[in-house]
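Throughout, a chain's letter reflects where its sequence line sits, starting with A, and its residues are numbered from 1.
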Amino acid sequence: MGSSTPVDDRTWLFLPCPEISRCLLLVQMAFRLPHLLRCDTTNTDGSMFRDQTYGRHFVRYYCTMKTNELREAYLSFFESKGCVRRPSDVLVPKDDPTVLFTPAGMNQFKNQFLGIGPLEFTKATTSQKCLRTGDIGNVGVTAYHHTFFEMLGNFSFGDYFKKEAIHWAWEFLTDKKWLGLDPQRLKVTVYLDDDEAYDIWHKEVGLSTDHIRRDDEHENFWPAGAPSNGPDGVCGPCSEIYYYPPSGGKEVEIWNLVFTQFNRVGDPPDNLKPLPKQNIDTGMGLERCAAVLQGVESNYEIDILRPLCEAAGETVGKKYSFAGPEGRALRRIADHLRACAFAIHEGVAPGSHGAEYIIRLLLRRAFLEGYLIGMREPFLHLLVPKVNELMAVPYPELSKTEQTVAGTIKEEEQHFLGTIDRGLGKFEKLVEKAKSGGGNVLPGKEVFDLHQTDGFILDLTQAMAADRGLTIDMQEYGIAEEDHKRKSGQGSWGVMAAGPLDEIQKVVGDTEFLAYETTSSTAKVVGLIVDGQPVEVVKTPDARVDVILDRSPFYGESGGQVGDSGTLSGPSLLVNVEDVQKHGGLIVHRGVLVSGELKVGDSVDAQVDDERRAGIRRAHTATHLLHHALHQVLGDHAMQRGSKVEDDQLRFDFSHGAAVKADELLNIEDIVNAKIVAGAPVSIDYMDLKDAKAQGAMALFGEKYPDRVRLVSMGEFSKELCGGTHLDNTGQVGLCKIAQEENVAAGVRRITAYTGKKALDKVRESERLLEDVGRALKTPQLHDLPRKIDQLQEELKTLRQERAQFTKASVANRVGELLAKAEQVGEARIVCIELQDVDRDTLREYADQLRNQGGSIAVLLGTTIEGKVALLAAVSKDLVKRGIKAGDCVREAAKAVGGGGGGRPDLAEAGGKLPEKTPQALEVAATYYRNALNG
RNA sequence: GGGGGAUUAGCUCAGUUGGGAGAGCGCUUGCAUGGCAUGCAAGAGGUCAUCGGUUCAAGUCCGUUAUCCUCCA
């Protein structure tokens with residue numbers, strides 16, 4: 001490729017081009033790319049470029065608008081319009097149960113759109129990292145599909161509306177100071193009857209009518225099709241902006257302006273009620289727009305993605321080119337890996353549930369692309385540094401978790417290789433079966449079963465089947481898949497609609513939060529909810545009720561700390577509060593009405609269960625000590641990944657690649673308890689987030705923090721951002737006992753520990769258990785127990801062996817006698833007798849020895865075991881050949897003792913419930929054998 | 001959150017309609033063999049994960065618990 005390099009760190013981009021003069025080419029390129037800085041068709045020595053990807057003639061160029069610059073330009077443009085620049089929300093929202101991943105820029109502003117809570121600003125702009133898996137099949141195939149992408153957005157909460165949104169979008173796209181795109185290449189759409197938007201585009205912006213199209217509710221309404229099909233809630237028409245590339249390729253939707261102006265209530269007609277406050281929600285795909293500005297045909301060719309595709313190619317040993325045979329696979333690897341790296345960075349490791357499962361799926365699909373190319377060892381993790389390098393400008397924090405993320409990915413890759421390995425055996429059997437049946441189709445049901453139980457992704461099975469000239473019955477597969485989906489139960493995503501709690505909050509505002517200062521106070525009831533509906537009064541005894549107070553000493557579950565419990569009381573009124581949750585700024589007391597009645601407006605005494613709160617405080621402070629100890633013993637990578645703090649017990653998840661060794665665990669426990677004994681003071685300070693970080697405070701990646709944070713410090717060794725309730729001094733924890741260490745997801749370990757009273761209880765419990773065992777084994781010296789148990793087991797084994805030998809010997813003694821007394825029918829003998837004090841094994845031993853020594857022989861033995869009859873029939877091989885069947889015999893005989901049985905022709909067993917009838921059963925058997933031998 | 005599956009010898013795994021617990025590798029011993037993954041023979045090694053149920057009889061059928069794998073949302 002060309003020898004000269006760009007003047008700064010800009011990356012050359014490449015396009016095929018016709019063989020034309022350099023001058024003409026420059027004009028053409030300048031026309032295409034408003035930000036073109038430099039372009040070339042030849043090397044400095046005048047020779048033509050040669051490249052297998054782009055052919056003989058291509059142009060090499062670079063332009064000012066790198067993706068990072070576009071992102072920055074967008075944000076500063078809207079800042080200049082008065083929007084507040086907000087950081088990207090986390091990719092995996094922890095406090096929004098309606099989504100697994102942030103799907104769009106507006107997600108972090110849900111409450112502002114719904115009018116819940118205070119408005120710190122009325123317009124905002126963001127570049128939001130998003131993850132969607134709905135179109136995963138298209139990723140790598142089309143030019144524009146991603147799972148992970150960034151969305152540029154500007155938002156208005158009752159501030160500016162259509163006019164500004166449209167004008168600003170146009171200004172940013174076409175003004176030479178900003179993107180400077182050719183207006184002739186832009187066309188827009190509006191919703192069918194949105195004349196307001198149409199007129200702004202046509203009359204104010206000056207777009208000619210052939211550049212404006214009206215589209216229906218499925219194309220130009222949010223949510224799509226909402227007027228006819230719902231869901232209920234806020235909605236509105238959209239206006240989309242399309243770019244028509246000079247290459248004549250397909251148009252690209254680069255910007256969608258959503259005008260949320262309605263609240264949908266029920267089905268048409270007249271179901272769209274105007275909202276009192278109108279909002280703006282716009283989204284511009286960063287990668288798409290970058291592709292337009294950089295003059296490339298696909299998002300995967302832009303400066304922050306193409307190098308990743310190329311790096312992916314290198315790790316699998318293939319050269320990446322867009323149209324090359326591995327192009328699609330490498331793009332998928334690049335896309336999925338980017339998504340996984342970001343999610344894992346935020347602490348969502350591959351797992352079996354929720355978001356964690358999606359990440360596992362993405363990672364496995366990415367790995368599979370490499371596997372099908374021929375990779376048989378982990379390779380994805382090698383690309384993590386490349387992702388971080390390309391995304392370092394907007395997300396510098398990625399570098400801090402690089403090792404953990406790469407390690408987690410590597411572990412999952414190895415894990416998946418193991419899964420593939422295990423499934424291969426079953427797959428081979430399927431192939432065998434299909435081929436031996438003469439067919440070349442694998443049954444869909446069994447292929448799905450392979451997928452469902454062994455994680456064999458369909459693509460893999462298909463590829464491997466194709467290698468052997470087999471296909472899969474996809475229709476049957478589809479049926480099995482549907483069936484599984486139905487059985488495993490489909491949950492529905494919540495839609496964006498305000499619930500009764502939001503209504504209450506709009507009226508009364510946030511609950512005043514007293515939990516840091518006190519555990520009891522008087523308060524006024526400002527809202528009651530029963531069965532999800534707001535009510536004015538509750539008087540049914542035992543009714544479950546959610547109570548909202550104007551102020552509350554209760555701590556609502558958050559930051560891993562469980563909600564308080566306690567009571568709300570008044571004259572002749574008692575509500576048991578069992579759980580307390582936070583909903584936005586509200587504290588929701590979930591409880592049961594024990595007595596009296598509760599009305600909105602009532603004054604109540606709110607009393608937190610002090611003892612339980614004290615236990616929670618012990619556990620929470622101990623959690624910080626544990627976090628500190630983990631860093632000391634395991635290293636700084638042992639970052640918190642989640643926690644659950646309860647009454648004197650805690651669960652702490654952290655990243656660590658391997659099981660924590662026993663001695664490490666002891667060491668951790670020692671450090672925690674040393675810090676407890678040290679009695680370090682616990683202090684709480686409020687400060688700006690950046691100051692706290694400057695002090696080295698530990699914060700969770702992927703957690704959203706407000707600008708003012710609460711810093712919890714213990715002595716000089718621990719500083720964490722935390723909203724929980726803590727002790728005044730670490731000494732008050734008393735004791736911390738680690739109970740368990742386990743694996744929860746790839747690269748994530750969990751420690752369970754107890755504090756205070758429960759720690760003591762746990763120790764006592766195991767002591768008592770040991771003492772019980774010692775008593776049972778008559779070993780008062782507990783340290784003798786392991787030896788005692790070994791000794792007893794050895795003894796038991798020896799006795800069993802001796803007994804078996806003894807039985808064998810005693811059987812041998814009697815067999816001769818039994819044979820001597822046996823009934824003779826021709827050449828054969830019949831032995832039908834009852835034995836005393838023998839078990840089933842001994843009966844078999846008799847039968848074996850009788851057959852070994854008795855030549856042609858038919859046997860039926862009976863005995864009584866635990867009040868029930870046991871019968872065993874045996875027939876020597878020569879008699880079996882004559883058609884005498886032990887199974888038939890024993891079945892007949894069993895009827896006489898009220899039972900049934902069966903077995904093989906040479907040996908069969910049966911039982912019955914009537915021991916006193918055993919002689920009759922023996923007679924039935926003898927008769928059966930006689931008849932059979934004579935017949 | 002829900003679904004499917006697994007758990008049998010030290011290891012890897014078979015085990016049909018319920019009727020006598022198996023193979024390969026490894027281990028021990030003996031014999032053969034001057035050498036590499038040597039050959040032959042014998043042997044040891046099992047709470048069939050757990051607890052309960054059905055049955056005359058459960059590794060096998062049903063349920064519980066634990067651990068692991070896996071899928072769906």
One thing to verify: whether A/D906 and A/R851 come together as a salt bridge, which I'm taking to mean a side-chain N less than 4.0 angstrom from a carboxylate O.
yes

Across every strand shown, the nucleotide meeting Watson-Crick or G-U wobble geometry with B/C31 (both distances under 3.5 Å) is B/G39

Mind checking the CZ-CG spacing from A/F342 to A/L337? Nearest 0.5 Å is all I need.
10.5 Å

Under a 3.5 Å cut-off for both contacts, is B/G45 paired Watson-Crick or G-U wobble with anything, and if yes, with which nucleotide?
none

Report which part of the nucleic acid A/G903 touches: base, sugar-phosphate, or nothing (heavy-atom distance under 4.0 Å, all strands).
base

Using atom NE2 of A/H451 as one end and atom C1' of B/C71 as the other, report the distance to the nearest whole Å.
6 Å

Choosing from B/U70, B/C56, B/G19, which nucleotide comes nearest the side chain of A/K868?
B/C56

Given atom CZ of A/F456 and atom P of B/G5, what is their separation to the nearest angstrom?
19 Å

Check every strand shown and say whether A/L361 touches a base, only sugar-phosphate, or nothing at a heavy-atom separation below 4.0 Å.
sugar-phosphate

Nearest-0.5 Å distance, OG1 of residue A/T918 to CD of residue A/E923
13.5 Å

Position toward the 5' end of RNA chain B (nearest nucleotide), A/G902 or A/D449:
A/D449

A/L450 CG to B/C69 C1', straight-line distance once rounded to whole Å
13 Å

Working to the nearest 0.5 angstrom, can you tell me the gap between A/L380 CG and A/M375 CE?
8.5 Å

OP1 or OP2 of B/C56 less than 4.0 angstrom from a side-chain nitrogen or oxygen of A/K913, does that happen here?
yes

Distance check, C1' atoms only: B/G53 and B/U67, in whole angstrom units.
23 Å

Taking B/G45 as the reference, what is the distance to B/U28 when you measure between their C1' atoms (whole Å, please)?
10 Å

For nucleotides B/U16 and B/C61, find the distance between their P atoms and express it as a whole number of Å.
9 Å

Please give, in whole Å, the distance from B/A73 P to A/E356 CD?
16 Å

Rounded to whole angstrom, note down the C1' distance from B/G59 over to B/U17.
16 Å

Is atom CD of A/E916 surrounded by more than 12 heavy atoms (other residues, nucleotides or ligands) closer than 6.0 Å?
yes

Whom does B/U17 pair with, Watson-Crick or G-U wobble, provided both distances fall under 3.5 Å?
none

Using purine N1 to pyrimidine N3 plus N6-O4 or O6-N4 for Watson-Crick, or N1-O2 and O6-N3 for G-U wobble, both under 3.5 Å, which nucleotide pairs with B/G10?
B/C25

Span that lies between the C1' atom of B/U12 and that of B/U38, in whole angstrom:
23 Å

The Watson-Crick or G-U wobble partner of B/G1, with both key distances under 3.5 Å, is B/C72

For the P atoms, the ones on B/A44 and on B/A23, what distance do you get once it is rounded to whole angstrom?
12 Å

Please give the distance between the C1' atoms of B/C48 and B/G18 as a whole number of Å.
15 Å

Would you classify A/G912 as touching base, sugar-phosphate or nothing, given that sugar-phosphate means primed atoms plus P, OP1 and OP2, and contacts are heavy atoms under 4.0 Å?
sugar-phosphate

May I have the distance from A/L843 (atom CG) to B/C56 (atom C1'), rounded to whole angstrom?
13 Å

Using atom C1' of each nucleotide, how far apart are B/G39 and B/U33 to the nearest Å?
8 Å

Over how many whole Å does the gap from A/D841 atom CG to B/G19 atom C1' extend?
13 Å

In terms of relative ring orientation, are A/H451 and A/Y477 parallel, tilted or perpendicular, with 30° and 60° separating the classes?
tilted

Below the 4.0 Å mark, does B/G19 have OP1 or OP2 next to a side-chain nitrogen or oxygen of A/R840?
no

Find the partner of B/C51: check Watson-Crick (N1-N3 plus N6-O4 or O6-N4) and G-U wobble (N1-O2, O6-N3) distances, both under 3.5 Å, and reply none if neither fits.
B/G63

What nucleic acid atoms does A/A908 come within less than 4.0 Å of, heavy atoms only: base, sugar-phosphate, or nothing?
nothing

Does B/U70 have OP1 or OP2 sitting under 4.0 Å from an N or O in the side chain of A/H415?
yes

A/L914 has an atom CG; how far is it from atom P of B/C56, in whole Å?
11 Å

Pairwise 5' ranking along RNA chain B for A/F448 and A/E845, keeping only the more 5' one
A/E845

Under 4.5 Å between any side-chain heavy atoms of A/V580 and A/V588, yes or no?
no

Got A/L362 and A/T147 here, is their nearest side-chain heavy-atom distance under 4.5 Å?
yes

For A/R891 and B/C56, is the shortest distance between a side-chain N/O and OP1 or OP2 below 4.0 Å?
no

Watson-Crick or G-U wobble partner of B/A57, both distances under 3.5 Å:
none

Please give, in whole Å, the distance from B/C56 C1' to A/L861 CG?
16 Å

